[in-house]
2 protein chains.
Amino acid sequence: MATKPRSVGREAPRIGGTFVHFSVANEIGQRIVRGDYPPGTILPNEAEWSAMFGVGRSVVREAIKMLMAKNLLASRPKIGSWVEPRERWNLLDREVLTWYAASPERRTFLKTVQEFRYIIEPEAAALASQRRSETQMEAISKACHEMGTARTLSERTAADTRFHLAILRAAGNELLLPLGALIDSALEGLFVFVTREVNDLRHAQDLHEEIERCIRLQRPEAARKAVRRLLANTDAVIATQDSGGSGVRSAVGAS
Amino acid sequence: MATKPRSVGREAPRIGGTFVHFSVANEIGQRIVRGDYPPGTILPNEAEWSAMFGVGRSVVREAIKMLMAKNLLASRPKIGSWVEPRERWNLLDREVLTWYAASPERRTFLKTVQEFRYIIEPEAAALASQRRSETQMEAISKACHEMGTARTLSERTAADTRFHLAILRAAGNELLLPLGALIDSALEGLFVFVTREVNDLRHAQDLHEEIERCIRLQRPEAARKAVRRLLANTDAVIATQDSGGSGVRSAVGAS
DNA sequence: GTCAATATATTGTCTGATAAATCGGATAAA
DNA sequence: TTTATCCGATTTATCAGACAATATATTGAC
């Protein structure tokens, strides 16, 4: 069973468990967001991609349809496929955001996302403090507590993410949750973590617990302010690493 | 040119100017969001869709890839395609939101979107009042003025949309703009308009102009409050129509 | 020089065939 | 009886080759 014949009739049709059209979409999408093909550019035609990646034309077509669904490109007969203007891109898409995070504009990306959190999260916390059910409150408290007792950094980050998502869920708006999940997954995708001294960690934990308390006590305005304090703290961390580090594994966590 | 021969060699490969795979994706997507196939359901297979719509298999496959790109479904050999759980859907997508708006849950949708605007737009206005450039300010003022002088309702609505988008653009966050465009297009997709008496229209116009003024004078906090007032006004309209109307062409505009 | 017909290149669509993956049942073994 | 293994069937994944539709570019006519 360990060594099945595996009769490879053709060249590997799959790569690492994901399907080929997915890989191709990923590759082309990344190139577009990265800026290899600026908006307005006519992309290589189907045949060229096909030859370039060594896959069938249908695979290329399906990959392109996936990118069309994200508004990264459009196409018409005889013209070819072209990159859509940036404003049309569906930036609120997990994959697109991931590609963005991996692009040379990573710095801009970080600032944009961080600012975006200033808009979303305070309000979410306020809503959550008004509407959270008991079960939702438990989930929030549990995640918060687990953040405090986490032994490894990745454990802590995971709990942090759960904490934020639990708040968004408790806010009870169907559009808020995907938005938060989007941001979290984009940041997570950077594979970078907050590297703070213990003091900072302790401080961050206090800030999280304050948020938890505000939501428990159902105090919207206080919750809003608490979240703002937490975000300001993260800002400071970003700023530090930004100015200080050259290529220092710079740094933002889910918190 | 009006009556080209059109030599239809085969059965109409296109429908109303849009390509077939697009129509098919639209149809299947709408059915999923509408709830015809609840999450977890195995969808009809390629051959069935193909026969059902009278199109080739490649068209079905490409349509399905587009829906996969929106996380509405996933598929694997021998299993077929199944509807993904709702939490995975990319609700922050223009088309998905449009399908949602057209579903039986339209009521829920309206409430969710309206609440969402409470979160986004006040902050956007505050940011805009701090960062708007002169050109951006001109765009905002122009749209606001055109709202006041519009002769038809649809003209007014269009100007209203421009007004909101101009503010979001001036806020200078790359993630904010798609979000606003998303909301506007979703509401617009409802094909419903605010039907107020002249008094209400006048009042709404005043509220818009107040926002414009706050942004011009660069007063973030005042802008925030002005937007909240505008939204509250819209809320009232929705509530009225909600309780009053049976099927009364009920009602939300871009404002 | 302007306008119309034609050539051409590219995507859109259809069809048929092979590969891969997995479910379900049948069969064999403990 | 229960468990493990194998085989067949079904469905998507992929390939390959064809024709249709369409818009640009070229060419020709006036």
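The shown structure was predicted, so the numbers you read here are calculated from the model rather than taken from an experiment. Proteins come first, then strands; the chains are lettered A, B, ... in the order of their sequence lines, and each starts at number 1.
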(request) Kindly state each residue pair satisfying side chain to side chain donor-acceptor pair (under 3.5 Å) with at least one member in residues 51-65 of chain B, sequence neighbours excluded. (result) A/Arg61-B/Glu62, A/Glu62-B/Arg61, B/Glu46-B/Arg61

Can a salt bridge be assigned to the pair [X] and [Y] using a cut-off of 4.0 Å between side-chain N and carboxylate O?
| X | Y | result |
| --- | --- | --- |
| A/Lys111 | A/Glu115 | no |
| A/Arg132 | A/Glu134 | yes |
| B/Arg31 | B/Glu27 | yes |
| A/Arg117 | A/Glu121 | yes |

(request) Tell me, with the steps shown, if A/Asn71 and A/Trp89 meet side chain to side chain contact (heavy atoms under 4.5 Å, CB included). (result) CA-CA 5 Å; A/Asn71 277 311; A/Trp89 293 1; 5.7 Å; no

(request) To the nearest Å, give me how far apart CZ (B/Arg61) and P (D/dC15) are. (result) 11 Å

(request) Could you tell me the separation between the CZ atom of A/Phe19 and the C1' atom of C/dA19, rounded to a whole number of Å? (result) 12 Å

(request) From the options C/dC23, C/dA21, D/dT24, select the nucleotide whose nearest atom is closest to the side chain of B/Pro77. (result)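 Closest nucleotide among those given: C/dA21.
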
(message) Can you list, in residue-number order, the parts of residues 40-58 of chain A that come under 4.0 Å of DNA chain C, counting heavy atoms only?
(response)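 Those residues are A/Asn45, A/Glu46, A/Arg57.
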
(request) Return the residues of residues 62-76 of chain B meeting this criterion: a heavy atom under 4.0 Å from some atom of DNA chain C. Order them by number, or give none. (result)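 Correct list: B/Arg76.
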
(message) Need to verify one output field. Residue with the more 5' nearest nucleotide on DNA chain D, A/Val59 or A/Lys78?
(response) A/Val59

(message) For B/Arg34, is the CZ atom crowded, meaning more than 12 foreign heavy atoms sit under 6.0 Å from it?
(response)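 More than 12 within 6.0 Å, yes.
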
(request) Output the distance between atom CD1 (A/Ile32) and atom OG1 (A/Thr41), rounded to the nearest 0.5 Å. (result)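 Nearest 0.5 Å value for the CD1-OG1 distance: 9.0 Å.
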
